[in-house]
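Nothing fancy with the numbering, it's 1 onward along the sequence.
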Amino acid sequence: MNDIAVRPCRSEELSAVAALRWQWVREKYGTPDAALDEFVPRFVTWARENGSTHRCVVLVRGDVVIGMAWLAITGRVPHPGAFTRTSGDVQCVYVVPGERDRGLGGELIEAVLAWARELGLERVTVHSSDRAVPAYSRHGFENSPRLLQYEVGGDRPPRCRDTHSR
């Protein structure tokens, strides 16, 4: 671990981060529709345009990026006790296959949570794979009976009122 650094991503590392994102998708779902050389510049442009709301932490060995994690920051509706409110979402935590199972994913999670504390976020959520749930639990994430999810692009039809029964 002494030769590995965990730190905010530098602008010149965004191409390597894009390649990790492409690799993650390939690993999980098969070869992406977008070729790597097409995806990387588009991703880098997106990352630069969204730097205020999406912050990246990287794992680096020497000059090689071997892992990443993103913190998506969302403004929340004010209430009388706190006008400025924000929350975060951990996204795209990825460590290259040859470096897994050594606690490096946990290092990324902890770095994102430290950033969230520094920014004063109210809460941080994550949509995790089954494999990663124990890692998030070790870092204090808990199931919430109130955090619900709706898949907008899902295959289920929308629920509609019966307009014919009136």
Applying side chain to side chain contact (heavy atoms under 4.5 Å, CB included) to Phe83 and not counting sequence neighbours gives Pro78
Where do Ala111 and Val6 come nearest, in terms of heavy atoms and distance? CB-CG1, 3.6 Å
Apply side-chain hydrogen bond (donor to acceptor under 3.5 Å, both in side chains) to Asp33 and list each qualifying residue two or more places apart in sequence or on a separate chain. none
Determine which pairs satisfy salt bridge (charged side-chain N to carboxylate O under 4.0 Å, His left out) with at least one residue from residues 126-140, sequence neighbours left out, and list them in order. Asp101-Arg131
Sequence neighbours excluded - salt bridge (charged side-chain N to carboxylate O under 4.0 Å, His left out) pairs with any residue from residues 20-30: Glu27-Arg100
With sequence neighbours excluded, residues passing side-chain hydrogen bond (donor to acceptor under 3.5 Å, both in side chains) with Thr84: none
Which donor-acceptor pairs under 3.5 Å do the side chains of residues 58-72 make with protein atoms, sequence neighbours left out?
unit_1	atom_1	unit_2	atom_2	d
Arg61	NE	Asp3	OD2	2.8
Arg61	NH1	Glu99	OE2	2.4
Arg61	NH2	Glu99	OE1	3.4

Could you tell me which residues satisfy side chain to side chain contact (heavy atoms under 4.5 Å, CB included) with Ser137, sequence neighbours excluded, listed by chain and number? Val133
On a heavy-atom basis, the closest approach of Leu14 and Cys9 is CD2-SG, 3.8 Å
Val95 and Tyr29: same hydrophobic cluster, using ILVMFWY side-chain contacts below 4.5 Å? yes
Can you pull the side-chain hydrogen bond (donor to acceptor under 3.5 Å, both in side chains) pairs that have at least one residue in residues 43-56, sequence neighbours excluded? Ser11-Arg48
Rounded to the nearest 0.5 Å, what separates atom CG in Leu113 from atom CG in Leu121? 10.0 Å
For the pair Val152 and Tyr150, evaluate side-chain contact (heavy atoms from CB on, under 4.5 Å) and give the outcome as yes or no after the intermediate values. CA-CA 6 Å; Val152 175; Tyr150 178 81; 3.8 Å; yes
In plain terms, say whether Arg117 and Glu110 are close enough for a salt bridge, that is, a side-chain N and a carboxylate O under 4.0 Å apart. yes
Checking Glu122 now: which residues fulfil side-chain hydrogen bond (donor to acceptor under 3.5 Å, both in side chains) with it, not counting sequence neighbours? Arg85
For Thr125, what residues pass the side-chain hydrogen bond (donor to acceptor under 3.5 Å, both in side chains) criterion, not counting sequence neighbours? Asp89
So how far is it from Arg10 CZ to Cys56 SG, rounded to the nearest 0.5 Å? 12.5 Å
If we only count heavy atoms from C-beta on, is the Leu119 to Ile73 side-chain gap below 4.5 Å? yes
Run the side-chain donor-acceptor check on residues 34-44: report pairs under 3.5 Å with partners two or more places apart or on a different chain.
none

Enumerate the ring-ring contact (aromatic ring centres under 6.0 Å, His included) contacts for residues 116-140, please, sequence neighbours excluded, ordered by first and then second residue. Tyr136-Phe141
